[in-house]
**Student:** 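Here it is: the structure, laid out below.
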Amino acid sequence: MTDQRFNPLSADKRWQTRWSEDGVFEANNDSAKPRSYVLEMFPYPSGRIHMGHVRNYTMGDVLARFRRMQGYEVLHPMGWDAFGMPAENAAMEKKVHPGEWTRANIAGMRDQIKRLGFALDWSREIATCEPDYYGHEQALFIDMFEGGLVYRKESAVNWDPVDMTVLANEQVIDGKGWRSGAAVEKRKLSQWFLKITDFADALLDGLDELKGWPEKVRTMQENWIGKSQGLQFHFSLAEKQGAIETVEVFSTRPDTIFGASFVALSADHPLAQQLAQKNDALAAFCEDCKKSGTTAAELETMEKRGFDTGLTVTHPLDSSWHLPVFVANFVLMDYGTGAVFGVPAHDQRDLDFARKYALPVTRVVAAAGEEDTAIGTEAYTGPGQLVNSRMLDGLDILTAQQTVIDQAEAEKWGKAQTTWRLRDWGVSRQRYWGTPIPIIHCDDCGAVPVPKDQLPVTLPDDVNFDIPGNPLERHATWKHVDCPKCGKPAQRETDTLDTFTNSSWYFLRFASQPDNLPFDAETVQKWMPVSQYIGGIEHAILHLLYARFWTHALASLGRLDFTEPFESLFTQGMVTHETYFETVENTETGADQIVYYSPDEVEHREGGVFKASGGAPIAVGRIEKMSKSKKNVVDPDPIIEQYGADAVRFFMLSDSPPERDLPWSEAGIEGSWRFVQRLWRLFVSLADETESTAAAQGGEDKALRRKLHQTIAGVAEDIESLSFNKAVAKIFELINMIEKAKPSSDRHNAIRTLASIVAPMVPHIAEEAWALFGETDLIANASWPEFDETLLVEDEVTIAIQVRGKLRDTLSVAKGSDKSTLETLALGSEKVQRTIDGAEIKKVIVVPDRLVNIVI
RNA sequence: GCGGACGUGGCGAAAUGGUAGACGCAGCAGACUUAAAAUCUGCUAUCCGAAAUGGGUGUGCGGGUUCGAGUCCCGCCGUCCGCACCA
């Protein structure tokens, strides 16, 4: 007698062991089968996996298992994005070495992930913090260095003047250092940059190829790259300042040149710097500009302020027209030329600035009829014709732009120019826990790459984090080396690479991992590009752009012969949960403060939510992304232990569309658990039944057979499009029908086939069922069931009968009934006649197999 | 500030411009049980109605296109995400 309850505690472990021992999911580089590379963004080993990971890897796993069943050789690897700040924070707080902390986290998280029974090729596991990964990364960096894609320049960082350390944006809270609380300053450091801008055009054009990417991500990348065409030209300084005689500006709106009322320089602009040397007030203003943050959001929301330098420039189209020159805090040195001309009437920022400093506002573009309408508090950015613009009057915007550009080029004071919002990628980090930059600084030879036979440049283990700052910088011996070129004493670069570099090529290393090279191009070529990449939308720009850039760059260096790494991309939603809180008075300050409670600390009872074990009522807050600060985190581990991997996996796939947020709920996981048990009851019901005994009892069941075939086709389609919630709904419909059906050979077959249909989602119970049915091989090695095309279409359809677009009746007719039949049937409907009530019929619209709409 | 998305029952949602609410959760009623759990059956957008194989309303708000709009267009409102040193 087979157990009437499915027991995941024993089944999960048993099948996971079997899959592992048989090496079922190890990808074969030499396979002759068609290939599919399914990849989920690898995790940062923060300590514990969270529900977001579970959701991400479950989705990838369903696709990977489904592709295997379809006959593909599947590469589905897992690894660790193991460098990063949390390890250093742990080192400071817990006095544990970042490496030790990270490796312990990896070990724990690997166990957690394995308990979910994913079809992963663990033989290819990588951790980016190990020298056998980052050493190869150093080799690739040197390739880029030698290929002219790496350079050094000054760039601003957040500097904490108390801790004497560089801070990440994340560590700056309201302009203050997160530990010291000191006001953060911008400070310039000489840093390494990768020339991503060399690939701006290629990265932009490449987006067109990426048909399998969400439109929104392509748009975000397009906007991020920000190609804009315009006019770059110079204003001549009325009062020459030594060597500086002109101010170079760039504008995408040269048509508005007659609306200019000022020129604004970045505080970092050479002219601003030069003037500041002789002008204490200006120097103070420039210094003040350094106090703002380095993030775009801060720069753009801060109060726009300027400093009038007293200088003027002459207008290029009218030498008698002088414009004042300001230094302004909103002009970025990194974009364009570091100087702009302000047209207040047609740019909101310029308008705000002009109002503040009482500068003229002249409308130069107007929609029809608005030529004389004054500009109030809102700049006009819409279409129209040029006004108040001398020779441009009456022209449309585009023609005016071209006219100005042509004249500038003819008179040699400017030229058409393409500018990018995209800036080069600063990869230097003044931190320990990252890939050491393989460069040696020699007084005589300059920056010399470490010879490849001396790689990897490994991190020293004997470091301490008792004082802030970079331990590599203050390590007694590590940085002191001889120059590889001339042999004289020199210094190692002590900055490490941005962790984004680690995730910019890991997918290549998964595909091929020779000892002596980063990857073997031929093997990589067999697997790449990644067929389906799955991860969070938060990576829509940075990670995905950097990974694309590395692939483009390696292709340009002749190391790869493709440029786009990810054929299809899917961005999944977050796992969310209700928040629980109460507002209490802070005993010291008297101010109200919110105290959050975790789901473990509350209980749901009649009348609401209360503190656990009979406590007081508690407020239920918004449903939000699971986060430590809101304490609304549910740890997957105990859930897996209680309900088993299959129920957890199934929950992750049900209900919410995968790109949308998934609210975690106790009731939801209970529902998934009941689903698993329901499946099991169906499977065991077959244990003593053969197809022929079933047939003998009830013959055949055509409707159920049709439903089965529709489900096989429909679920396959839904899995391919990652619409797991729809696949789940179809499975439920099939099960509902099976449960209501009488015994028959078709019912018997439907249940057997059901095991295969659900196998990618709930693989443990599917294996268990397969064994129960007497199969000796694994269902993981089985094929996706075939379906009969002819059974997919119904032979009877329900037609909607509308009167003036409103549903009045429905009719069941043979599929393919012709229009006149349908019209006659519709007009014969009693309900229709009642609604028409003798009115004149103007028109009858008939859509075969769909509806009839009677217009009166 | 800039860029991107989303908005449908009590909740998660479904719906090539063609019957809005499939499927799941929760709830209600019933069966089974000494009882509970589990399981099974039925109902479940909303308003009017005793009920109807009766009618009205209804996909964030306001307009528009169409025989027909959740879906397309225009304008709002709200919420969320990203913004270059978090990963």
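Note that this is a predicted model, so its numbers are computed, not measured. Just so it is clear: chains get the letters A, B, ... in the order the sequence lines come, proteins before strands, and each one is counted from 1. Quick note: numbers below take in every heavy atom, side chains included, and nothing from hydrogens, waters or symmetry partners.
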**Student:** Answer yes if the side chains of A:Thr435 and A:Glu137 hold a donor-acceptor pair under 3.5 Å, and no otherwise.
**Tutor:**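 Yes, side-chain donor-acceptor contact under 3.5 Å.
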**Student:** Taking the basic N atoms (NZ, or NE/NH1/NH2) and the acidic carboxylate oxygens, is any pair closer than 4.0 Å for A:Arg431 and A:Glu88?
**Tutor:** no
**Student:** When you compare B:C77 with B:C25, how far apart are their P atoms, in angstrom units rounded to a whole number?
**Tutor:**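 Approximately 40 Å lies between the P atom of B:C77 and that of B:C25.
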**Student:** Taking atom P in both B:U57 and B:C2, compute the distance separating them and give it to the nearest angstrom.
**Tutor:** 41 Å
**Student:** B:U33 and B:A38: how far apart are their C1' atoms, nearest whole angstrom?
**Tutor:**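 The answer is 11 Å between these two C1' atoms.
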**Student:** Ignoring backbone atoms, establish whether A:Asn223 has a side-chain N or O less than 4.0 Å from OP1 or OP2 of B:C2.
**Tutor:** no
**Student:** Check every strand shown and say whether A:Lys625 touches a base, only sugar-phosphate, or nothing at a heavy-atom separation below 4.0 Å.
**Tutor:** nothing
**Student:** Could you give the distance separating B:G12 and B:G17 at their P atoms, to the nearest angstrom?
**Tutor:** 25 Å
**Student:** If pairing requires Watson-Crick or G-U wobble contacts with both distances under 3.5 Å, which nucleotide is the partner of B:C28?
**Tutor:** B:G42
**Student:** Determine the interatomic distance between P on B:U65 and the same-named atom on B:U19; round to the nearest Å.
**Tutor:** 22 Å
**Student:** Assert yes or no for the condition that the ring centre distance of A:Phe651 to A:Trp664 is strictly below 6.0 Å.
**Tutor:**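 When the ring centroids of A:Phe651 and A:Trp664 are compared, they turn out to be within the sub-6.0 Å range.
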**Student:** By the 4.0 Å heavy-atom rule, please label A:Ser503 as base, sugar-phosphate, or nothing.
**Tutor:** nothing
**Student:** I'd like the C1' distance from B:U59 over to B:A51, given in whole Å.
**Tutor:** 29 Å
**Student:** Tell me whether A:Asp718 is salt-bridged to A:Lys726, with the criterion being a basic N under 4.0 Å from an acidic carboxylate O.
**Tutor:**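 Salt bridge absent between A:Asp718 and A:Lys726.
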